[in-house]
Amino acid sequence: MAQRMTINYEKKPCYDIVFTSSFDLLAEELQALGIADRRVAVIADSCTKKLFGDAVCGQLEGNCKKVVVHAFPAGEAHKTLDTVKDIYKTLIDEGFDRRDLLIALGGGVVGDITGYAAATYLRGVDFVQIPTTLIAQSDSSIGGKTGVDFDGYKNMVGAFYMPKLVYMNVSVLKELDDRQYYAGFAEVMKHGLIKDALFYEWLLDHMYEIHDREDSVLEEMIMRSSTVKKLVVEKDPKEQGDRALLNFGHTIGHAIEKAMHFEMLHGECIALGMVAAAYISWKHNWLSMDEYYEVRDMFVPFNLPISIDSIDPEEILKLTKADKKMESGQIKFVLLRKVGKAVIDRTVTDEDILSAIREIYFSDEDEKA
Ligand code: GLY
């Protein structure tokens with residue numbers, strides 16, 4: 001039996017998230033959206049098309065007017081306006097009109113790009129998210145952020161545009177390699193740390209089942225993680241206030257991601273950013289020293305980094321300034337008031353940030369010492 005959750009937008013029910021462990025219910029869910037006389041374009045990347053394209057198309061065949069599959073090469077490097085342009089071309093060639101529907105079948109890149117194409121094609125067509133990575137299931141498929149990278153800046157061009165349905169089949173997470181899986185886990189952990197201490201403890205208690213990727217545990221993990229995301233995006237859908245709490249670990253994390261030329265995964269950089277932010281929270285006397293070390297060390301069993309040697313701390317500080325989370329030249333830094341309660345702080349200084357970066361910086365000298 002699938003579980004479901006409704007996400008409200010401006011206090012009205014907007015779309016449902018379905019939590020399940022197969023694609024068996026997809027046809028039924030899409031029929032409920034009224035697809036019988038509509039064209040459907042499945043937008044995937046080269047990997048997700050190969051892995052899940054047939055299963056998803058099998059649910060569509062005979063249930064809608066026409067099915068088109070459009071795939072683009074996998075990877076963040078393709079999260080560009082050129083990729084969106086290719087999608088527009090396919091939609092025009094296949095005669096898609098305003099009543100037709102797009103399905104995003106993939107991770108964060110596919111979801112963000114498809115959402116942006118849906119938001120802009122003919123001034124807006126419906127779209128459905130079928131997230132296939134842990135990062136997409138726990139974070140990016142919920143809340144209507146869509147967009148592309150531009151000129152080396154992440155998510156620089158985009159729109160808030162809500163899907164009609166998010167279909168979470170947790171069994172697809174078994175296809176992820178360990179590195180991708182654990183990188184996604186960083187965002188799950190983030191949700192516990194910023195808003196739900198009981199969930200954070202549940203994650204630690206279920207470490208072995210999470211490693212084994214048991215369906216029932218994955219379903220509960222994704223549901224509880226989504227509950228935090230729901231609370232935040234319903235309160236502040238357009239990031240005018242509290243939604244920024246979801247950026248915990250992202251100021252320094254994004255800067256590391258950029259300095260490493262996107263060779264490290266987003267979740268790995270965010271884990272480092274969360275350690276640094278937890279360190280500043282300790283220095284602000286909000287976390288105790290024990291709590292800081294517990295938060296830091298808890299990333300280790302989930303194969304996430306807590307230190308890095310290949311950065312220049314001064315350069316990372318500089319890069320934090322280029323982050324979109326600056327307002328009138330001032331950084332909105334997310335800190336932990338305690339485990340399970342994050343706050344937005346505008347008093348964090350360059351010295352605080354630099355000392356936090358030095359805390360996670362593991363230099364050759366450290367090794368020699
Ligand atoms: N991934 C952060 C947000 O959805 O706001």
Side-chain angles (χ1 to χ4, degrees), residues 5 7-10 14-15 17 76 79 104 106-116 118-119 127 129 131-149 153-163 166 168 180 183-196 199 221-258 262 265-274 277 304 320 323-327 331-336 342-344:
M5 179 187 288
I7 304 291
N8 298 303
Y9 181 65
E10 291 171 344
C14 184
Y15 55 96
I17 308 178
E76 182 82 26
K79 193 173 165 183
V109 172
V110 174
D112 283 10
I113 284 200
T114 307
Y116 188 64
F127 88 112
Q129 292 268 20
T132 61
T133 61
L134 185 46
I135 214 157
Q137 291 199 351
S138 62
D139 186 31
S140 59
S141 64
I142 309 168
K145 276 191 179 175
T146 75
V148 295
D149 302 337
Y153 291 95
K154 280 195 75 159
N155 304 324
M156 210 56 186
V157 176
F160 285 101
Y161 193 67
M162 303 301 147
V166 182
M168 309 265 197
Q180 288 280 354
F185 186 78
E187 300 280 2
V188 175
M189 195 65 105
K190 181 191 80 181
H191 287 155
L193 285 169
I194 64 168
K195 258 206 175 325
D196 189 345
F199 179 43
M221 178 175 90
I222 299 296
M223 264 203 75
R224 291 182 73 162
S225 176
S226 301
T227 305
V228 172
K229 182 102 195 215
K230 170 183 161 76
L231 282 173
V232 177
V233 299
E234 285 184 347
K235 194 167 165 215
D236 176 25
K238 298 231 169 126
E239 200 165 319
Q240 281 152 346
D242 270 12
R243 185 163 178 165
L245 295 177
L246 297 169
N247 294 330
F248 177 58
H250 283 58
T251 303
I252 292 177
H254 272 167
I256 295 174
E257 204 173 0
K258 197 148 193 269
F262 299 96
L265 299 179
H266 176 73
E268 294 168 341
C269 299
I270 292 324
L272 288 165
M274 285 192 275
L304 287 163
T320 60
D323 201 85
K324 292 203 298 305
K325 287 169 280 301
M326 294 261 289
E327 218 173 51
I331 282 191
K332 286 191 286 172
F333 213 100
V334 184
L335 298 178
L336 295 181
V343 288
I344 297 164

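Start at 1 and go down the list; that is how both ligands and their atoms are numbered.
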Subject >> For Lys145, the ligand 1 atoms whose distance to one of its heavy atoms is below 4.0 Å >> reply: 2 (C), 3 (C), 4 (O), 5 (O)
Subject >> Nearest neighbour in protein (non-hydrogen) for atom 1 (N) of ligand 1 >> reply: Asp139 OD2, 3.0 Å
Original post:
Do you know which of Pro131, Ser226, Ser225 makes side-chain contact (heavy atoms from CB on, under 4.5 Å) with Gln137?
Top reply: Pro131
Subject >> Polar side-chain atom of Asp236 near backbone of Gly241 as donor-acceptor pair, under 3.5 Å >> reply: yes
Subject >> Matching residue for Phe333 among Ile344, Ile252, Thr320 - test: side-chain contact (heavy atoms from CB on, under 4.5 Å) >> reply: Ile252
**OP:** Take every heavy atom of Lys229, measure it against each atom of ligand 1, and state whether any distance is under 4.0 Å.
**Re:** yes
Original post:
Is there a donor-acceptor pair closer than 3.5 Å between any side-chain N or O of Arg243 and the backbone N or O of Gly143?
Top reply: yes
Subject >> Any N or O of Lys190 closer than 3.5 Å to N or O of ligand 1 >> reply: no
